[in-house]
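What follows is a single structure, written as structure tokens, with notes after it.
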Amino acid sequence: QSEETQLRETVHSWERQVNPRAHRYFKEPQMLTQILFVIAARIDKKDDPLKGGSMCTPWYGDHSCGNTKASLSACELLDGNNHQCRGQKEAVLRMVMPGKSCESDVYVNR
């Protein structure tokens, strides 16, 4: 299977599992699909953050470091050797929120 086919299957599965609030928040179904696709593309394909559990899902996208946004490599995330980021690293992505016209940084967490 191609990577895009795998991503589509993952997103299709997630759409059936997400909290009903997500369907209400993203009034257009394609908006929810798009954000799930972005999330699926930035995690390892064997991880499933919707299943929960005690394990964290590594994020391979942008991260905030305190009040700054930084792109960190997977190695920097795993071993914590990013000397520019002294604070807590938080996964972020940029998206246009429903009802807004410009992009915002959105934290990717539960």
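Hydrogens, waters and symmetry mates are skipped; everything else that's a heavy atom, side chains included, is used.
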Judged by modelled atom types alone, do H12 and R8 share a side-chain donor-acceptor pair under 3.5 Å?
-> no
Under 3.5 Å donor-acceptor, S13 side chain and E9 backbone | no
Heavy-atom closest pair, residues P98 and M31 = CG-CE, 3.6 Å
In this structure, CG of L93 is separated from CD of E103 (nearest 0.5 Å) by 9.5 Å
In Å, rounded to the nearest 0.5 Å, how long is the span from CE of M95 to CD of Q34?
-> 8.0 Å
Are the side chains of W59 and I39 in touch, meaning some heavy atoms are under 4.5 Å apart?
-> yes
Might you confirm whether atom CD of E3 has over 12 heavy atoms from other residues, nucleotides or ligands at distances under 6.0 Å?
-> no
To the nearest 0.5 Å, how far apart are CD in E28 and OG1 in T33?
-> 11.0 Å
So how far is it from M97 CE to F26 CZ, rounded to the nearest 0.5 Å?
-> 7.0 Å
One should read off an interatomic distance between Q17 CD and L36 CG, to the nearest 0.5 angstrom, of 10.0 Å
So, for W14 and I43, which heavy atoms are closest and what is the spacing to 0.1 Å?
-> CH2-CD1, 3.7 Å
Of all heavy-atom pairs linking L32 and A22, the shortest is CD1-CB, 4.2 Å
Can you name the nearest heavy-atom pair linking T10 to A40, along with the distance?
-> CG2-CB, 4.2 Å
Please answer whether the main-chain N or O of E15 pairs with a side-chain N or O of H23 as donor and acceptor at a distance below 3.5 Å.
-> yes
Shared hydrophobic cluster for Y25 and I35 (ILVMFWY, side-chain gaps under 4.5 Å) | yes
Would you say P58 and D44 make side-chain contact, with heavy atoms under 4.5 Å?
-> no
